[in-house]
4 protein chains.
Amino acid sequence: MKKLIFITFLVVLTATSAFGQRKIIYLPNIPGYETLKCDFHLHTVFSDGSVWPTVRIDEALRDGLDAIAITDHLEHTPKKDYIPVDLNAAWKIGEEYAKQRNLMLVHGAEITRGTMPPGHFNALFITDASLIVKDDVWDSLEAAIKQGAFLQWNHPGWKTQQPDGIPRMYDIHTRLIKNGWLHGIEFFNHTEYYPLVLEMAKQHKLALMGNSDSHGVVSEQYIEPTYTNRPMTLVIAKERTLDALKEALFAGRTLVWFRDILAGKEEYAKPFFYQSISVSKPFYQNDRSLFFEVTNNSDIPFYLVNGIANAPKSITLAANSVTRVTLSKKVTAPLVYDVRNVLTGETEVLKIELKY
Amino acid sequence: MKKLIFITFLVVLTATSAFGQRKIIYLPNIPGYETLKCDFHLHTVFSDGSVWPTVRIDEALRDGLDAIAITDHLEHTPKKDYIPVDLNAAWKIGEEYAKQRNLMLVHGAEITRGTMPPGHFNALFITDASLIVKDDVWDSLEAAIKQGAFLQWNHPGWKTQQPDGIPRMYDIHTRLIKNGWLHGIEFFNHTEYYPLVLEMAKQHKLALMGNSDSHGVVSEQYIEPTYTNRPMTLVIAKERTLDALKEALFAGRTLVWFRDILAGKEEYAKPFFYQSISVSKPFYQNDRSLFFEVTNNSDIPFYLVNGIANAPKSITLAANSVTRVTLSKKVTAPLVYDVRNVLTGETEVLKIELKY
Amino acid sequence: MKKLIFITFLVVLTATSAFGQRKIIYLPNIPGYETLKCDFHLHTVFSDGSVWPTVRIDEALRDGLDAIAITDHLEHTPKKDYIPVDLNAAWKIGEEYAKQRNLMLVHGAEITRGTMPPGHFNALFITDASLIVKDDVWDSLEAAIKQGAFLQWNHPGWKTQQPDGIPRMYDIHTRLIKNGWLHGIEFFNHTEYYPLVLEMAKQHKLALMGNSDSHGVVSEQYIEPTYTNRPMTLVIAKERTLDALKEALFAGRTLVWFRDILAGKEEYAKPFFYQSISVSKPFYQNDRSLFFEVTNNSDIPFYLVNGIANAPKSITLAANSVTRVTLSKKVTAPLVYDVRNVLTGETEVLKIELKY
Amino acid sequence: MKKLIFITFLVVLTATSAFGQRKIIYLPNIPGYETLKCDFHLHTVFSDGSVWPTVRIDEALRDGLDAIAITDHLEHTPKKDYIPVDLNAAWKIGEEYAKQRNLMLVHGAEITRGTMPPGHFNALFITDASLIVKDDVWDSLEAAIKQGAFLQWNHPGWKTQQPDGIPRMYDIHTRLIKNGWLHGIEFFNHTEYYPLVLEMAKQHKLALMGNSDSHGVVSEQYIEPTYTNRPMTLVIAKERTLDALKEALFAGRTLVWFRDILAGKEEYAKPFFYQSISVSKPFYQNDRSLFFEVTNNSDIPFYLVNGIANAPKSITLAANSVTRVTLSKKVTAPLVYDVRNVLTGETEVLKIELKY
């Protein structure tokens, strides 16, 4: 009774990387805002990257991003024997190309010092990268600020500069903060994260940032299924425009996402979680138990742990899935859980309640 | 500047096949209805299948289905030396198991004759399979109808019974239709499809059906990425209940889906398409062209072909993707297309218009 | 200059699970022996599994195995309301089916007690499982031995029976060993492993065993790329026959493999490693360094760690890959490494030298 | 009895793209020769490609290649506003980098004319690309020949230059051949192939070539499982050296491979096939049939078709697999087959015999 006849189908399945197509990342909006998916740290052949600027835009579209910044190093241009230094080249090549593809390209640059302090900074929303090159790093930072830049402190726990991996504030960072010149700080960079940065961001009112810092080919660095996405800054903006993006960043309205970790201030993480899921009424019951479902419509799984007595100890809400919960009828207390993979502090996770 | 430090992440990615979880299939509802994903043709060890009935339920949940029927052969029970014939066994084993998992299990059986005519028929929504076993096939069919069965003609173009693969109506099928006893007909079965069935369904007001007819392990038969799903009957029901499912099937409100082919009557296929996509306003223009986007929020790609003069000849709307369309400003006529993979007749495809 | 013309190719790629095909697992032979890939712990619908016995044989062929044992529980038959108990059924169904496919099927059964001690035992190479069912476990074990059985102690650290996960010898196990009745012990079971078992195997001269203990569908339990294979017992046999297989098991000539862990006695692990790899002469050098290559022709990666001064600290020899080693000319001492994923004791790993 | 305890394993699986590692492509050698895997057509940012030259070398290592040529267009340098034209740049950047990685880098360039005739030519084994730039194409070709170049006619059926896709010889090609200046011709280019080229290669004693002509990122253009490899020229060389590679190319000892198609002259294709497979003695027989196995140790599947009477009509020898053949004892004639995916002429395939 086995049928093994294979037929030729009408059409072939389309590769995901087709030209002119942007994958939809399923993430919720917080009421009144749009969740913009962004990567504000990328390199090209114009500093020490290995790809042409348009590759960064094509990659971003394929990956479902709304905005990127190309941030070539100002002071590290190892290909200059073959490519004359032009610190605005990526911007000039990419500006019109991005506009025609509905991707927001942010003009950026990386102020790069070899030791910590001061470390590396990205200047975003600048107008001319060449004017930011200065012998003294403070002069560079000031020149960026004069152009209206959003300043981001990059990978503050990078082991090359901080061998123990623990981010620390030095005088220069304190001065920047005092001046109101520092606006963001990286929690995720490439494949790393620095838990302490969450506290630094909360204390100093900095936007939490998550970026790939990609030098090579993104699709070769974040490979399914270990990584399903590059690190992203999720910007909670009033609308999908460059102005709204900038306003939200300066206001610090961000979450960051990489693999299955979401991190950010509780005021954004909590509504984001509740917009991601919905809890059904019980669909069935027997003598001992009732059964209800939790739908997670987002691309992020949620790991609920530390359940109350008699309730499930842990529940995994897989991404884009409906999870059945079997609940003892003995349970009457609120179904509270810790969400193990939604970080709201160095050692804190989001607390939620399932109301069925 | 390359950073190769890998960190240990908090938690591991969850496998898709976790117990108690149902994948969300992203398909739209037609206003006023719910789109139920169903497979009405499955076998177990109680006829010539190789798995236990609960496996069929677990597979269905994992695959995101709302309803299945287990339809073991009444007259073909090759394992009877080891398993005594019990034609209601799968139903008895599965009924409570399915209820606790919010899957609708339909009581079914396959009336199996080795030659065409009459071929094979599934009887769905029966009450006792053992009473349908009769020497004469007509008696079997009548016994099923007496139980209120929905009768489905299975794989009418199966080459073992129809060597040229072309489905044909014989006297018995005409009599069934005259009596109002035939309600559905398979367009997709396992890995096959029979284009002519679309015309037979339209002419005789039969529900178009798409089913896996799986005997072995579903996940080994429909392997990514060649197949992203098993064949499914999409039932357009008033709500997600067994009664509504049954009402919709007898009313013929179905579409069928396998790989990247969607098929069905135009009255269902057209609103389904328009609910799947949305067209943006132009987001940019230059002297020659304007640019807009088409969002396809469904798991089904759409291949638009035969574009009008000066417009793109073809546009692929990949599943769960946003596709950019570049349109010459010379174009003023409506942007009509054929949707090559949405079949509405043996040689007809759906015609649509993109209104930006 | 971009060419996007896609052509129709002659033929389609063949699925890996085609009927009648056995995947080649690339593992070396030790001189004088053949490495047989085996799984000696499998269940079917004849106890508490969910698949028919032929499924186990088809799965084994697809996965590249040489031999399996189907070991249904003697005392745990929860499907008996539908399937009359027949403890030799899987053997009767599978024997000829396996022979025609060049798979060695071992007649087996699992002696199952709910608590530890005594735990569970597999009896392999038996002649009639029904004669092994006894009220007293010792009588069961004796009956198996009378049939010439190879006795394997299953999952000695299974948390259901040993809540702390640590395997312990009880009186009954000591008596079995004293009698010469215990021949093997599981190091890998399903997705677990018990490091201490390596010491118990060495001390008591037991064959180290690694098995899937699969109850459901193997391909759904060991999913790429987290798991690339099920746990296997690698039997170092004089030839590929049932007699040679049995002789090797009783002689304790085994290694076990799961994911990227290989474990076993050093006398087998060491030649296995050296047969897997080859080291080239230096292919290039400059002032400071010389460059040579290590070829790993096996499906198992090897993680070399604890390199000597000035040599690479660690080298990953990916499976089926050639790895380049850059070596400072200052190094004159032997290039010794620990192979982190080849376990030769509870806390010991294999030590090797790269001779270029 | 279900065990769901997951343990933390010692080490993680290594990504395939690790630095300094070359995947092993399993293809046989023909006695007396080594099969070198090569791609002689690649672009970088120094013409119209989008990646830096070292990316081409890293990609080649990962993909298991022995040799590549970077062949930037001499006359098409659209990035010259940002990158001053340096036609030997890729060579200068890559030479030492490739040597340290045991990859043979061939100095090359593409002589590019917009219309057919003459089309495009790759000059391989040159010494200075800048000296080959000439107004007249013949002068360019002559300059290349003076440097000792191997001249390859690129994509002779490319639809941009040959709208019907059929390769044709023009005067200039005939003159080149008469002069002994044309040495190779592309059968595979990017994702295309041109069956007629096999006849042209045989008639004019040209080496058959298969190359990627990659401008973007190789891993994004040849995606598993539709494509498991880029197009390759398999050079049948006396040893793995640049000199032996060159000798073999000028002698025309090549096969070409892409997806599941192997093509070339019968004198190379036949021994290549027989080195790929081995046929066992019958391992079992019953009254009607005997059973033997065919082992295919190569990464290329072989599709045997047109079997003789009573023998299997077709046999698929999947890559790296053992295939069981069931043969009626009635068959006494030689088991001859056509190998449907090994092309030896425009409409010819390899004929082989299975001797068990």
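A note on names: the letters A, B, ... follow the listed sequences, proteins ahead of strands, and every chain is numbered from 1.
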B:Q100 (side chain) donor-acceptor with A:T326 (main chain) under 3.5 angstrom: no
Testing the basics here: between B:K23 and A:S321, what is the closest heavy-atom pair and its distance to 0.1 Å? CA-OG, 4.0 Å
Using only atom types and a distance under 3.5 Å, with no angle test, would you say the side chain of B:R101 pairs donor to acceptor with the backbone of A:R324? no
Just give me the residue among B:V294, B:L317, B:I24 that pairs up with chain A most often, heavy atom to heavy atom, under 4.5 Å. B:I24
Given B:N102, which partner from the list A:F291, A:Y284, A:F283 fulfils the side-chain contact (heavy atoms from CB on, under 4.5 Å) test? A:F283
Apply side-chain contact (heavy atoms from CB on, under 4.5 Å) to the pair B:N286 and A:K99, showing each step before the final yes or no. CA-CA 10 Å; B:N286 57 27; A:K99 272 187 186 154; over 6 Å; no
For B:E293, is it the side chain, the backbone, both, or neither that has a heavy atom closer than 4.5 Å to a heavy atom of chain A? side chain
Examine whether an atom of B:I25 lies under 4.5 Å from a heavy atom of chain A, and if so say whether it belongs to the side chain, the backbone or both; otherwise answer neither. neither
Side chain, backbone, both or neither of B:T295 within contact of chain A (heavy atoms, under 4.5 Å): side chain
